[in-house]
Amino acid sequence: MDAFDVIGPVMIGPSSSHTAGAVRIGRLGRAILGEPPVRAEIFLHGSFARTYWGHGTDRALVAGLLGFDVDDERVREALDLAPAEGLEVSFGEKDLGDVHPNSVQLNLEGRSQTVSVVASSLGGGQVVIKKIDAFSVDMGCELPTLVATYPDRPGVIAAVAALLAGGGINIASMRVSREAAGRQALMVMETDQPVPPGLLTAMRSLPMMERVIAIDPV
Amino acid sequence: MAELLALAGNEGLSLAETVIRYQMEAEGKTRDEVRAKMAGRLKIMRSAAQKGLTEDVRSQSGLVGGGGKLLEEWRRSGRGLSGTVTGRAIAIATAVAEVNAAMGRIVAAPTAGSCGIIPGVLLSLEAEKGFMEEQLIDGLFTAAAVGMVAAKQASLSGAALGCQAECGVAAAMAAAAAVEMAGGSPEQAAGAAGVALQGLMGLVCDPVGGLVELPCVLRNATGAAHALAAADIILAGVPYYLPFDEVIAAMVEVGSSLPASLRETGTGGIAACPTARRLVAHLFSGEKDRQRIKD
């Protein structure tokens, strides 16, 4: 907490939860997809579903998917700008179960990848990613974050950790989950320093590694 | 706040200067860099005020907008009742809060819903009392001192503690800023923050339709007037006994006792008035015509 957290952030109104948080969720969705989305199905839950239109949450989510910042005045026009940017969007409502009232599911499709993300806006522009595809996660994305998928085999985590250690990158937190023993696994790792591109390439070329996504704080 | 006052007192510093030094250390930046960053925030407050005072801004729902412009015209007509500083403060506070509701660029201070109060107070003092840019920047650091204490010891969320945590804290921040800008001591600044907050104690968060529009926009105007009153009360030397930390603790107590209906759920308070319900029914009926996808 510092002076610029209370005299700030600079943002597009009207609500830090519904607008600034929603832009951040959109940006994180785009980062997790790893490429600009061409199609997005957006399902709003709870309070998001009830008031998204008056708060401009729909525009804010789309603005984030287009890569705009929380203080970009184009947030207001994001729905109109999306087609020209090659993004097709549709909205619906969905009960996402026991999640924060301001939650959303983004089903994103890029040129080569698809991903489904569930995220919540916690207030003050803070957000948390709760689900990536079938995996439950808990990512605040305040630090550089790596998301990796691979088959659940011994040695993968050690190999990743060794690469990071070699690059002088300190791991702040790590969480591993898997569908079942020996099936697909997902690793979420927060690091104190951004992971340089060379290290990401090395990580992607580890045997058995499927996807490695690097998310910078937004 | 006691900690901060002691820190300032030991070195004979203002709250603003104490926060500037804290910020330089936290970010590893020079005084100029930290002040320039705050100047940037002030500039955005200015452009939001300008936009809201001169343009016909409209919220997404259409419920609010144009009030800042009307208040500015009224003030210029010379027929306003609240005097030059307060008259200008309520016009600016409304204007900025309307720009927020219309999805314009604002500085959340401390939140988006309460973003008009600090610019209302600071920019009206500049225009009417001749305060300089550098004094306004100092004022923003003083305001930050109060906001940081409130965030740490309580919360800045209407959903958590009611609107006293948003507009109440913003008024406390603005009152402290006004006092230090006018040459008051850190103790007086903290006193003004306490007076402002105690006056808004129990302020519920009751947005109509859950939108940051009614009563939020006009609550920014009344909050700004409130902050100026609190600053004058302290500068005049009216005795005030309550330490700010105790007022903050009371706010936590009051806020946690509020029923959920009065904490940003849009179900109680102003949001429950029959007319508010009718407005919401009308707003959201148009919504049904929108194209929806099914999962």
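We name chains A, B, ... by the order of the sequence lines, and we start the count at 1 in each one. Because the structure is a prediction, the values reported are computed rather than measured.
Considering only heavy-atom pairs separated by less than 4.5 Å from chain A, the leading option among B/V34, B/V169, B/V146 is B/V34. Chain A forms the most heavy-atom pairs under 4.5 Å with one residue out of B/G104, B/G113, B/A109, and that residue is B/G104. Chain B forms the most heavy-atom pairs under 4.5 Å with one residue out of A/A20, A/G56, A/G13, A/G54, and that residue is A/G13. Interface summary for chain A: among B/K152, B/M38, B/E27, the most heavy-atom pairs under 4.5 angstrom belong to B/M38. The choice from A/H55, A/E73, A/M1 that makes the most heavy-atom pairs within less than 4.5 Å of chain B is A/H55. With respect to chain B, the highest number of heavy-atom pairs below 4.5 Å among A/S90, A/S15, A/S17, A/G125 belongs to A/S90. Heavy-atom pairs under 4.5 Å with chain A peak, among B/A102, B/A170, B/A150, B/S157, at B/A102.
In this structure, OG in A/S173 is found 9.5 Å from CG in A/D138, a value given to the nearest 0.5 Å.
Between A/V147 and A/M139, the closest heavy-atom pair is CG2-CE, 3.8 Å. The minimum heavy-atom distance between A/P196 and A/I169, with the atom names listed, is CD-CD1, 3.9 Å. Closest non-hydrogen pair, A/D152 versus A/A180, comes out as OD2-O, 4.0 Å. Between B/G209 and B/F284, the shortest heavy-atom contact is O-CZ, 4.0 Å.
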Inset, instruction - Apply side chain to side chain donor-acceptor pair (under 3.5 Å) to the pair B/T142 and B/E180, showing each step before the final yes or no. - result: CA-CA 7 Å; B/T142 311; B/E180 270 202 346; 2.8 Å; yes
Inset, instruction - Kindly indicate, with the supporting measurements, whether the criterion ring-ring contact (aromatic ring centres under 6.0 Å, His included) is fulfilled by A/H18 and A/F48. - result: CA-CA 7 Å; A/H18 289 259; A/F48 260 12; 5.3 Å; yes
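Both the backbone and the side chain of B/I106 have a heavy atom closer than 4.5 Å to some heavy atom of chain A. The contact between B/K37 and chain A is made by backbone and side chain atoms together, counting heavy-atom distances below 4.5 Å. In this structure, chain A has a heavy atom under 4.5 Å from the side chain of B/M173, while its backbone stays farther away. When heavy atoms are compared at a cutoff of 4.5 Å, B/L63 does not approach chain A at all. Only the side chain of B/L156 has a heavy atom closer than 4.5 Å to any heavy atom of chain A. Residue contact with chain A, scored on non-hydrogen atoms closer than 4.5 Å, is absent for B/A160.
Looking at B/R35 and B/E134, a side-chain N of the basic residue comes within less than 4.0 Å of a carboxylate O on the acidic one, giving a salt bridge. Salt-bridge formation is not detected for the pair A/R59/A/D80: no Lys NZ or Arg NE/NH1/NH2 atom is positioned less than 4.0 Å from an Asp or Glu carboxylate oxygen.
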